[in-house]
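What follows is a single structure, written as structure tokens, with notes after it.
Note that the coordinates shown come from a computational prediction; the quantities given were computed from them, not determined experimentally. The chain is numbered in sequence order, starting from 1.
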Amino acid sequence: MLVTAIEVTIAWIWWKKGMEIVRFNSLTAFLMFSTFGVFLVFPLLRISNGMFFWVVLAFYLFIAFYSLYKRELVFQAFHKPKGSKLYISIIVILFIFLIVGALSFRYGQEMVILAMMNDHQGAFFISVFLYFIGLFVTFISTSLLKKPSEIKRK
């Protein structure tokens, strides 16, 4: 609840500054998606301890900072996807998430993958699955940081 209040306050401050509506919407969407990515990473961070915790946290921070550094490349993958290897990779990753998710959580009872695991293995599997989805969401959320004035129209 506190995170939502902070994000609404930040969005309200941006709105009061008279920011252009397209820029305001993209920054607000970036805040929402990046927060969603952080929340998806939390389950694995909570069940990890010791060195594993620091490795998981360091990998998440690396992906977050790398995607901020390469945000132009991520944006171009969505803006001009023709021939983009990153765009093809994103589609493949989404397809893998779809297949693994479908085999894991189908109808809630017919869990093909989770039926082969005990409770602890299932909790770890779900946490790792959510962690990778969080990494993915954090990575693609940086494409929303592009200013509308910087977009080249052809």
Legend entry - Partners passing side chain to side chain donor-acceptor pair (under 3.5 Å) against Gln121 (at least two apart in sequence or in another chain): none
Linking directly or through intermediates, with side-chain heavy atoms under 4.5 Å: list the remaining ILVMFWY members grouped with [X], chain and number order.
X     : value
Ile91 : Tyr87
Trp12 : Ile13
Met32 : none

Inset, instruction - Would you name the heavy atoms of Val74 and Ser143 that are closest together and state the gap between them? - result: CG1-CB, 3.8 Å
Donor-acceptor contacts under 3.5 Å from residues 96-103 side chains, at least two apart:
none

Legend entry - Joint cluster assignment, Phe132 & Phe95, ILVMFWY side-chain distance < 4.5 Å: yes
Inset, instruction - Treat each ILVMFWY residue as a node, draw an edge where side-chain heavy atoms are under 4.5 Å apart, and state whether Trp14 and Val8 are in one component. - result: no
Inset, instruction - Kindly write out the residues that satisfy side chain to side chain contact (heavy atoms under 4.5 Å, CB included) with Ile90, not counting sequence neighbours, or none if the list is empty. - result: Phe78, Leu86, Leu94, Phe136, Ile140
For residues 48-68, please give each side-chain donor-acceptor pair under 3.5 Å, one per line with the distance, not counting sequence neighbours.
| residue | atom | partner | partner atom | Å |
| --- | --- | --- | --- | --- |
| Ser48 | OG | Leu44 | O | 3.0 |
| Ser48 | OG | Leu45 | O | 3.2 |
| Tyr60 | OH | Thr138 | OG1 | 3.1 |
| Ser67 | OG | Ile63 | O | 3.1 |
| Ser67 | OG | Ala64 | O | 2.9 |

Inset, instruction - Among residues two or more places apart or on two chains, list those pairs meeting side-chain hydrogen bond (donor to acceptor under 3.5 Å, both in side chains) that have a residue in residues 30-43. - result: Glu7-Thr35
Inset, instruction - Output every pair passing side-chain hydrogen bond (donor to acceptor under 3.5 Å, both in side chains) with a member in residues 89-98, not counting sequence neighbours, ordered by first then second residue. - result: none
Legend entry - Full working for side-chain contact (heavy atoms from CB on, under 4.5 Å) between Leu27 and Leu145: CA-CA 6 Å; Leu27 286 176; Leu145 290 175; 3.8 Å; yes
Inset, instruction - Determine yes or no for a side-chain-to-main-chain donor-acceptor pair under 3.5 angstrom, with Ser26 supplying the side chain and Arg23 the backbone. - result: yes
Inset, instruction - Just grab all the ring pair (Phe, Tyr, Trp, His ring centres under 6.0 Å) pairs involving residues 25-44, residues at least two apart or on different chains. - result: Phe39-Phe42
